[in-house]
Amino acid sequence: MQELHLTQEWDKVFPKSDKVDHKKVTFTNHFGITLAADQYTPKNYEGKLPALAVAGPFGAVKEQSSGLYAQTMAERGYLTIAFDPSFTGESGGDVRDVFSLDINTEDYQAAVDYLSNLDNVEPEEIGIIGICGWGGISLNAAAIDPRIKATAAVTMYDMPRIGANGYFDQGTADDRYESKKQIAEQRTKEYGQKNLAKAGGCYDYPAPDDQPDFVKQYSAYYKTKRGYHKRSVNSNEGWVLQSQPAWMNTKILVHPEDLKNAVLIVHGEKAHSRYMGEDTFKKLKGDNKELVIVPGATHTDLYDGGDHDYIPFDKIDSFFKKNL
């Protein structure tokens with residue numbers, strides 16, 4: 001296992017709860033990458049606990065939204081971990097700020113490996129939560145791994161769909177090919193180099209007036225005290241440019257019929273990403289799948305609740321209590 005140097009002080013963007021115990025933990029995926037996580041355990045519990053692994057948003061770290069979800073669900077009686085995906089945050093991986101559908105799907109399965117082997121966890125009661133791009137990845141993991149008894153995908157992105165077609169499916173095959181050409185040239189240029197060019201993170205706050213509302217919302221989260229973190233990809237220089245084509249020739253949920261366990265998809269009524277969640281929901285099979293639309297909420301309102309406590313934690317809790 002790779003040795004990680006983990007920050008021990010509380011450096012989250014949300015306050016620490018006095019209702020749970022917190023510690024840093026590590027585990028290794030089957031690619032040999034050591035992942036760092038924050039573990040939250042309810043105080044004064046008895047017996048074995050249901051457990052949840054949480055990740056996302058795409059380009060965030062465990063000190064942001066996923067940690068808030070994990071801590072809040074621990075307050076409600078679950079043992080939870082919020083983990084940094086491979087190559088990001090405090091997790092391992094020699095090349096930084098890159099992504100892979102295969103490796104990131106495995107990150108969830110490795111989290112389930114870890115939880116399944118804890119003495120205070122009931123291994124038949126493990127679920128996962130994915131936020132934003134990790135919502136789609138969580139469904140991919142759940143379709144592969146029947147140990148995942150229930151999955152909540154919140155304000156989800158279908159990252160391969162965005163990578164191949166752009167926002168709102170407005171890109172063309174020619175656009176996609178031109179992007180691949182440019183990045184292929186970038187790979188040739190950067191051969192043998194350690195420092196790889198970044199695609200750019202979010203605009204500094206406030207974002208330019210000519211940008212769409214959802215771009216402004218990202219800046220308002222990642223670039224302000226509300227959500228900024230020094231290790232977050234989106235708060236800083238963004239993903240490695242060479243990584244971008246990785247989404248263009250792949251798909252999530254190739255066999256949605258294999259996802260037999262329970263699913264909850266949660267989206268904001270005003271979220272620009274809502275179409276991805278609704279279209280994904282239509283692919284799911286079985287009567288244990290639910291779609292919840294949160295009135296008035298935008299995409300990033302479900303990162304931290306926005307200014308109206310938009311995250312439907314009661315609904316998420318009841319979903320897992322029913323299905324774990």
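Note that these values count all heavy atoms, side chains included, but never hydrogens, waters or copies made by symmetry.
- Atom NZ of Lys198 sits in a crowded spot, with more than 12 heavy atoms from other residues, nucleotides or ligands closer than 6.0 Å.
- Side chains of Ser17 and Gln71: no donor on one and acceptor on the other come within 3.5 Å.
- Taking the six-membered ring where tryptophan is involved, the planes of His299 and His267 are tilted, since the angle between them lies from 30° to 60°.
- A donor-acceptor pair is defined here as one N or O able to donate and one able to accept, closer than 3.5 Å; such a pair exists between the side chain of Ser91 and the backbone of Ala36.
- In the displayed structure, Lys23 atom NZ is contacted under 6.0 Å by at most 12 heavy atoms of other residues, nucleotides or ligands.
- Ring planes of Tyr303 and Tyr221: perpendicular class, angle over 60° (limits at 30 and 60°).
- For Lys43, the NZ atom sits in a packed shell: over 12 heavy atoms of surrounding residues, nucleotides or ligands are nearer than 6.0 Å.
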>> Show, in sequence, the C-alpha distance, side-chain angles and deciding distance for Phe214 and Tyr167, and conclude whether the ring pair (Phe, Tyr, Trp, His ring centres under 6.0 Å) test is met.
In response: CA-CA 11 Å; Phe214 72 88; Tyr167 284 104; 4.8 Å; yes
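- Around atom OH of Tyr177, no more than 12 heavy atoms belonging to other residues, nucleotides or ligands sit under 6.0 Å away.
- Although no hydrogens or angles enter the test, the distance criterion places a donor-acceptor pair under 3.5 Å between the side chain of Ser235 and the main chain of Tyr222.
- Closest approach of Ile129 to Met73, counting heavy atoms only: CD1-CG, 4.2 Å.
- Annotation for Leu4 and Leu35: closest pair CD1-C, 4.1 Å, computed over non-hydrogen atoms.
- Side-chain N/O atoms of Ser86 and Asn29 include a donor and acceptor closer than 3.5 Å.
- Aromatic ring centroids of Phe313 and Tyr69 lie under 6.0 Å apart.
- Although no hydrogens or angles enter the test, the distance criterion places a donor-acceptor pair under 3.5 Å between the side chain of Asp175 and the main chain of Thr172.
- In terms of modelled atom types and a separation under 3.5 Å, the side chain of Asn236 and the main chain of Ser232 share a donor-acceptor contact.
- For NZ of Lys322, the number of neighbouring non-hydrogen atoms (other residues, nucleotides, ligands) closer than 6.0 Å is 12 at most.
- Few gaps surround NZ on Lys24; more than 12 heavy atoms of other groups in view lie less than 6.0 Å from it.
- Taking the six-membered ring where tryptophan is involved, the planes of His22 and Tyr40 are tilted, since the angle between them lies from 30° to 60°.
- The minimum heavy-atom distance linking Pro160 with Leu101 is given by the pair CG-CD2, 4.5 Å.
- Within the 6.0 Å centre-distance limit, the rings of Phe58 and Phe99 are counted as a close aromatic pair.
- The aromatic ring centres of Tyr114 and Phe83 sit 6.0 Å or more apart.
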> Between Leu241 and Glu190, is a side-chain contact (heavy atoms from CB on, under 4.5 Å) present by the stated rule, with each step listed?
Replying inline: CA-CA 11 Å; Leu241 187 62; Glu190 292 181 335; 5.8 Å; no
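- The backbone N or O of Val112 lies less than 3.5 Å from a partner atom in the side chain of Ser116, making a donor-acceptor pair.
- Checked by atom type and distance alone, the side chain of Asp97 never pairs as donor or acceptor with a backbone atom of Val233 at under 3.5 Å.
- Under the rule for a salt bridge (charged side-chain N to carboxylate O under 4.0 Å, His left out), the partners of Glu290 that lie at least two apart in sequence or sit in another chain are Lys315.
- Of the possible donor and acceptor atoms, none in the side chain of Asn234 sits under 3.5 Å from a partner among the backbone N and O of Gly201.
- Of all heavy-atom pairs between Lys260 and Asn288, the closest is O-ND2, 2.9 Å.
- Between Asp169 and Tyr275, the side chains place no donor N or O within less than 3.5 Å of an acceptor N or O (distance only, hydrogens not considered).
- Closest approach of Pro57 and Cys132 over heavy atoms only: CB-CB, 3.4 Å.
- Nearest heavy atoms, Ala111 versus Ala53: CB-CB, 3.8 Å.
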